[in-house]
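Numbered from 1 within each chain, the chains take letters A, B, ... in sequence-line order. We use all heavy atoms of the structure for the numbers below, so side chains are in, but hydrogens, waters and symmetry mates are not.
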Amino acid sequence: MNTVLKLLVLLPAILFLVTGMRWLVAPAEIAPNFGLTLSDSIGLSSQIGNMTGFFLTLGSCMLIALISERRSWYYPPMMLLAITALGRILAWLLHNATLAVSQITVEVVVALVLLLASRRLPQER
Amino acid sequence: MTWRFLRQIFCVSAVCSGCVSTGAFGIESLGVESVSDVVLDTTQQHSASSQRPNIVFILADDLGYTDIAPYGGEVNTPSLSALAERGVRFTNYHTAANCAPARAMLLTGVDSHLAGVPNIPEMLAPQQRVHANYQGVLGDDVVTVATLLEDAGYHTYMAGKWHLGMAPDKRPSRRGFQRTVAMMDSGADNWEQRPYIALYDQANWFADGERFTLPEDFYSSRFLVDKMINFIDSNLQDGKPFFAYLPFMAVHSPVQAPQEYIDHYMGLYDSGWDVLRQQRMVRAAALGIVQADTPMVRMTTTDEWDALSEEQRRYQAKRMAVYAGMIEAMDFHIGRLIEFLKQRGQYDNTIFIFTSDNGSEASGPADPRAFPKRLIPENLGYNLDYDTLGLKGSFSTIGPGFASASASPLAYYKFYAGEGGMRVPLIISGKPVARQQQLTRAFAWATDITPTILSLTGVSQPAARYAGRPVQAITGRDLTPLLSGAAERIYGPDDAVGYELTDHGVLFQGDYKLVVNQPPVGDGQWRLFDIVADPGETIDLAAPQALRFQRMLSRYEQYRRDNNVVQVPAGYSQIKQVWSNILLQYRDATLVFLLTILWLLPFYVASRMESRMKSTLTP
């Protein structure tokens, strides 16, 4: 895999890790970036727990994929991003949510970069 | 151009005739309140009752008790002098000792602790922030005077400093103001869009609820008045009255003014702060603001002027010249607004309220160019050069010496509960106000402004619920009987008004004031003063009037309980807390950075091991 492609995986991976950490450390600051108002009690617990879990898993899988150069490690982040984008579109279609074009674009583009990176690796048995 | 020319003629004639000093206030200069002078023009009263008055509420920032000409200041303020001539000057009006709590009380009529703003958020300790009423932003259970007036059919405008919350639901556009341009922080640069302290990463200006970029050609007082004129002009044709709230950034630090205004005061302060403090006391006495030869204390923070080097005195005098220039610039732009209202035929139906949020500010260092004090503004890209002091890119303050002169003849200044921090000018003026050229020595309090505006506009105070939700009751009192001459005082000898800021405590009762000022300038001792006879707080009556002293102490404790006052944590100091909060602001970013590095560490180790293994396996 060439250096440019590695960087294209590494940079969003770090960005996702920082986002996860921000959810852990200062949720009130980052929540508005997602159009969220912080809840309380169980709601707050779910917001912080789920968002932290999502972003730390996403970034970590991408880093493991980069280091191990195993194609299978690219699949979880690709799935997370693609399903999130799909969920956003369904939310728009079925639940009257705003069509979050910029967020969907980022998710689809990064998922495609990951797909491209995985294709450059040999098939695993 | 024409206006400027006319204004200069007015200034010269006013000074010559002495109307800004003593001439026009001859009766009051003797300290006599001439209730018999009340003019009862029935035609005028009928007209006023059939047409609701406009209200222009002008709030200066950190203006000292004797900073303006109608209160004994040497600064040229013809617009404010003219307002004073057409209305009532209050000599015993008090406000909070710092910014946001005062604004909360002024706009709601509710005690700062109940309004959610017992202190500015920048000074709240984390231990206090766990309490719902200690967030430093306007609570949801108080109604602003703007909301009440808007609901009563008024147009409501605001141009200036807000400092009561930046979250979407706290912005002035959501608190009753239809059109707004608002500075959300404790202050900002007056020449450009930049923060003035490290607490803010940017100067947070908003217009109509959205972030706003200031124009290139910007000076705060001019810009705010331009905006207000635009707001008023845009709706005049519909015939509705308006409420215009104009909280200037003048004369909050950084103290900055156009060169032409600074030039008027160069050389005027070369004799120093002690001389100025004495001169102002004499002029204030001549105007009837205080009694002749009012005794004064000399603040321990005031340096000896004669001990300064010639170069230091020159620099200090220019600091004060910039400050005076900033006041005059504000007055000039107030004059533009008044002229606009005259041109539009609104002046005669407008009531002006002018006051300050608190007393003069002494937080600027005695020697701002000394190391390490100078590093603070320099790190923000400001310069402290003599030649450009007050101009764009320069950072200036007045320091404790001139702040004490600015509050003459009072003791202490902003952030303290002495009279210098809490007693400020209040002028209520305009044709609809029956009495003109009057002084009142009646006690008045910041929470009185909202009920007074409501009374002047014929709008009812909110009941226990407003717009479907429970709200705090207004505790302030209507001052209009003082304006009409129907009463000589609003608060009786036994009525008590309490106040607290970071354990500085006050209880006003009749002519008396129970007060404690905490370190570093205060000593934590409770004292009792007769602030009518002794506004300079020089004679402690705690021992001679021990019974009154004890009674007032008990009443103060009741005030604390009734208003959910929370004690500051042990070892608290205002300035330390600000620095602590600045560091706290960067705590989260530092923590995120460190945790991310920690998280990445095993990946880095694995990556190194992987590449080492590959190099080992490669023949």
Side-chain angles (χ1 to χ4, degrees), chain A residues 1 3 5-7 9-40 44 48-49 51-74 76-77 117 121-122 124, chain B residues 121-122 124 126 129-132 134-137 140 165-171 174 184 199-202 204 206 209-211 580-618:
Chain A
M1 202 191 313
T3 314
L5 198 54
K6 278 184 180 173
L7 276 176
V9 176
L10 180 66
L11 290 178
I14 292 175
L15 191 74
F16 291 141
L17 287 181
V18 170
T19 307
M21 290 301 177
R22 288 182 69 191
W23 268 105
L24 206 58
V25 173
E29 273 179 29
I30 196 164
N33 299 353
F34 290 83
L36 289 172
T37 307
L38 275 193
S39 186
D40 52 14
L44 182 61
I48 295 174
M51 294 301 252
T52 305
F54 177 89
F55 283 106
L56 291 186
T57 304
L58 187 59
S60 300
C61 286
M62 289 164 71
L63 289 179
I64 295 171
L66 269 181
I67 294 164
S68 67
E69 294 188 340
R70 288 187 183 181
R71 187 184 274 200
S72 58
W73 278 106
Y74 279 102
L121 295 172
E124 289 172 32
Chain B
E122 293 84 350
L124 284 170
R129 282 178 180 272
V130 299
H131 299 273
Y134 271 71
Q135 302 308 304
V137 294
D140 294 331
M166 198 164 69
D169 61 329
K170 303 292 181 190
R171 293 172 194 164
R174 298 278 289 273
M184 306 307 247
L199 197 57
Y200 310 110
D201 54 1
Q202 59 180 319
N204 292 295
F206 281 70
E210 301 296 329
R211 280 202 177 273
S580 165
N581 287 345
I582 289 175
L583 294 176
L584 210 60
Q585 186 178 262
Y586 295 107
R587 185 198 62 180
D588 289 350
T590 310
L591 205 57
V592 166
F593 177 75
L594 290 175
L595 282 172
T596 307
I597 295 293
L598 207 62
W599 192 272
L600 287 173
L601 205 60
F603 291 103
Y604 175 73
V605 173
S607 160
R608 297 289 298 172
M609 286 171 65
E610 189 79 12
S611 55
R612 190 171 294 176
M613 206 142 62
K614 275 183 190 163
S615 62
T616 314
L617 291 174
T618 308

### Query
Can you tell me if CZ on B:Arg211 sees more than 12 non-hydrogen neighbours from other groups inside 6.0 Å?
yes

### Task
Heavy atoms only, distances under 4.5 angstrom: which of A:Val25, A:Ile14, A:Leu24, A:Leu56 has the most pairs with chain B? Name it, please.
A:Val25

### Summary
Minimal heavy-atom distance between A:Ala26 and B:Asp588, with the atoms involved, is CB-OD2, 3.6 Å

### Interatomic spacing from CH2 in B:Trp599 to CG in A:Leu63 - rounded to 0.5 Å
10.5 Å

### Message
Does B:Tyr604, at its OH atom, have more than 12 non-hydrogen atoms belonging to other residues, nucleotides or ligands within less than 6.0 Å?
### Response
no

### Query
Tell me, side chain or backbone of A:Ser60 under 4.5 Å from chain B's heavy atoms, or both, or neither?
both

### Message
A quick test of your reading: do over 12 heavy atoms of other residues, nucleotides or ligands sit less than 6.0 Å from CZ of B:Phe593?
### Response
no

### Query
If you look at every heavy atom in B:Glu610 and A:Ile67, which pair is closest and at what distance?
CG-O, 3.5 Å

### Query
Do other residues, nucleotides or ligands put more than 12 heavy atoms under 6.0 Å from A:Arg70 CZ?
no

### Message
Using 0.5 Å steps for rounding, measure from the CZ atom of A:Arg22 to the CG atom of B:Leu595.
### Response
13.5 Å

